[in-house]
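The structure under discussion appears below in the form of structure tokens.
What you are looking at is a predicted structure, and each value in this text was computed from that prediction instead of being measured.
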Amino acid sequence: MGPREHLVELVGDPPVGQDADLAGPGERADLALLARALQFVEQIDRREERVRVGVLGVDGAETDRGVQDVRPSDDRTGHRGLPAEVVVSVDRHDQAHGPRSMVPREHNGSGAPANADTPDGARRSRGRTRYYVPDAPFGAPMAELPDKRTAFMDWYLAVVEASQLTDKRYPVKGMNVWTPYGFRARRQLDAVLVREIEATGSAAVEFPALIPSTEFAKEREHIKGFDAQVYWVTKGGLTDLDIPLVLRPTSETAMYPIFAVWVRSHRDLPLNVYQIVNTFRYETKTTRPFIRVREIHFFEEHTCQANEAHATERVRSNLAAFRRMAEAFALPYLPIRRPEWDKFPGAFYSVALDAPVGEARTLQLGSIHHYRENFSRPYGIRYEAPDGSQQYVHQTTFGLSERLLGAIVAVHGDAKGAVFPSAVAPYQVVVIPIPGSEAGEGPLRTATEATERLHRHGLRAHLDGGDERPGAKYYRWETAGVPLRLEVGRREADSRSLTSVDRLGTKGRVALDRLEHEVAERLAEFDRALRARADAAFAAAFSTATSLAELAGSTTVRIVAWCGSEECGHRIETAIDGALLGTPEEPLPTPLGDPGPCVACGATNGSRWAVAGRPL
RNA sequence: GGGACUGUGGGGUAGCUUGGUCCAUCCUUCGGGGUUCGGGACUCCGAGACGCCAGUUCAAAUCUGGCCAGUCCCA
């Protein structure tokens, strides 16, 4: 939707030098817009042009006196995002116009033809000259991003675009291009995943992307859950394939036939392997960069364990690994065991990792599944136990994706744009020289020295030596989410001590001679502050509800007592217009007492705390 | 699966109702020059688009048909 904008066409028809009368016909008149239009015209007036305007009334009673029409744009153009438009009739020789600076530009160029600048810029149509009035007060700062709290998805999309993390112009729905900047973020993110999963004894592998339909179909629940969203490869060149191939939506069915060959003995267990590959799902809902895509950048661990207890232990180990990953991302989250009807297709149970993202919305960051023997039986993954018996393995999986990047944007981002924790920031530090006519070469030399010094010490630093003005660079890198900015002007060059400003606004000085240490400290402080901000939002994101009626229009994720029945679960989902996410796998942010009676049926027997929200 | 809507430079848009005033406007972007540079500079010169294919017409961004792509709503 974007910023609220209206188009009001105020058509006056008197020649310049007379009064132009503006008014709105009754029901459509928008006084605020009229006021803005008048403000605009007053600006013209103040520029000593000879247009005079008055309002005759909003009921249209006197509209025949020069005022022809006032209406919202959507009636005519069907376009959203148009700025207010004022059409003022003027004599062609007496252009009414203001200086360019009078009309603020819209953020990232959306809307605002804003051409009330020069006589040449004003367009003429059927004898009238049109002036465009942006939907913002004159002299206001450049338009902000949409409001995160009230227009979350608009805000999110604007931030993703403005921070240049992806290019969405690729002509296939749900498939975005990773830009150099976005790819840097992704690579850092993956590095954290690799570090933490390998610390638990998992090894990287890579399986093919194409899966024979015969293998894909072996586990009934699994195929039922996925067959509506797989891409098929049915031809090789001009020939139809005997056995069609599935482009992996996830890799169970690619890996498990091979696991059956790999696992022979209890000595082969546990088998813990992971891969980071692209998977494909034909999403039918609206796609969103990082959050819902058709080509998924996917981390998936698959393990085989000797028995259910070991598999349960692996689930715990994955939960602990994710805790460390989330620590690096400064992301608070809640592990939630999904209800039966919402578990992964084929799983014994599923634990999802959910992050609240405001207004009762939640974002699933990943999931950990316990499969028991559900896949090992159809795929024949068996081993010979020490006692000589043949046993089926118990399996687990752990899946994460670029949604983590979406979550980082969604959780940490603010009114200025993205904010990256230092562990994933494409650039941790941006160094901005401030030349100035009297400063000479000092600033640039010092900035270069500082950047090189940071590079030598393994910090991701970027020298922005472009010839934009410093202020423009500040805004750009703030939007892009860089944690720390170093400013190097004449003062800094002379004193060999740089000005630092972190993305949350904390300012300071760092000595060039101890640069890497002081920058590392600043980044650590920044990460702590970012975490604290996220934690505060997390704590405020939950509230309890004790009746179904309370769930309607929830503005936080709700904690409710639930008897565990599917029927009550669905009633809860209907009440909140979202989903019953399940039961917390770890303690809630604020300790709660015993759950009372089920919010849906009132049963006290076996009730437990459950989480309900509206997943993105 | 059903319905509605929308396609104009890299991004955002105007023009379409009533075909010609439009080798298509403005902002932004991009290339070049100059003055600048401590929070989104100014200025000059230049570059860049009517989704595709037909049809109607003296004339099509505009009207008609088909196709393609996208968005939203409902199932």
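Interface remark: the A:E478 side chain does not form any donor-acceptor pair with the B:G40 base, using a distance-only criterion of under 3.5 Å.
Qualifying ring-ring contact (aromatic ring centres under 6.0 Å, His included) partners for A:W178, counting only residues two or more places apart in sequence or in other chains: A:F290. Residues satisfying the salt bridge (Lys or Arg N to Asp or Glu O under 4.0 Å) test with A:D147, not counting sequence neighbours, are none. Take A:H570 and apply the side chain to side chain donor-acceptor pair (under 3.5 Å) test, not counting sequence neighbours, and it matches A:E566, A:E573. In terms of the side chain to side chain contact (heavy atoms under 4.5 Å, CB included) criterion, residue partners of A:E487 (sequence neighbours excluded) are, by chain and number, A:I434, A:Y474, A:R485, A:T499, A:V501. Listed by chain and number, the residues in a ring-ring contact (aromatic ring centres under 6.0 Å, His included) with A:H462 are A:Y427, A:W477 (sequence neighbours excluded). Applying the side chain to side chain donor-acceptor pair (under 3.5 Å) criterion to A:R288, with sequence neighbours excluded, gives no partner residue. Residues passing the side chain to side chain contact (heavy atoms under 4.5 Å, CB included) test with A:R187, sequence neighbours excluded: A:F183.
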Are there any protein N/O atoms within less than 3.5 Å of an N/O atom in nucleotides 72-75 of chain B, and if so, which ones and at what distance?
residue, atom, partner, partner atom, Å
B:C72, OP1, A:T286, OG1, 3.3
B:C72, OP2, A:T286, OG1, 3.0

Would you list the protein and nucleotides 30-36 of chain B atom pairs, both N or O, that sit under 3.5 Å from each other?
residue, atom, partner, partner atom, Å
B:U36, O2', A:R469, NH2, 3.4

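The nearest whole Å value for the distance from the NZ atom in A:K168 to the C1' atom in B:A69 is 15 Å. If you take CZ of A:R503 and P of B:G39, they are 18 Å apart, rounded to a whole angstrom.
Of the candidate nucleotides B:G11, B:G39, B:C37, B:C37 has the atom nearest to the side chain of A:P435.
Checking B:U6 for Watson-Crick or G-U wobble geometry (two distances, each under 3.5 Å) identifies B:A69 as its partner.
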Name every donor-acceptor pair, under 3.5 Å, that has one atom in a side chain of residues 515-528 of chain A and the other anywhere in the protein, sequence neighbours excluded.
residue, atom, partner, partner atom, Å
A:E516, OE1, A:R453, NE, 2.8
A:E516, OE2, A:R453, NH2, 3.4
A:E518, OE1, A:A511, N, 3.1
A:E518, OE2, A:R514, NE, 3.3
A:R522, NH1, A:S500, OG, 3.1
A:R522, NH2, A:R509, O, 3.4
A:D527, OD1, A:S422, N, 3.0
A:D527, OD1, A:S422, OG, 3.3
A:D527, OD2, A:S422, OG, 2.4

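RNA chain B is contacted by A:R485, A:E487, A:G489, A:R490, A:R491, A:E492, A:T499 of residues 485-501 of chain A, taking any non-hydrogen atom closer than 4.0 Å.
Sorted by first and then second residue, the salt bridge (charged side-chain N to carboxylate O under 4.0 Å, His left out) pairs involving residues 224-238 of chain A (not counting sequence neighbours) are A:E221-A:K224.
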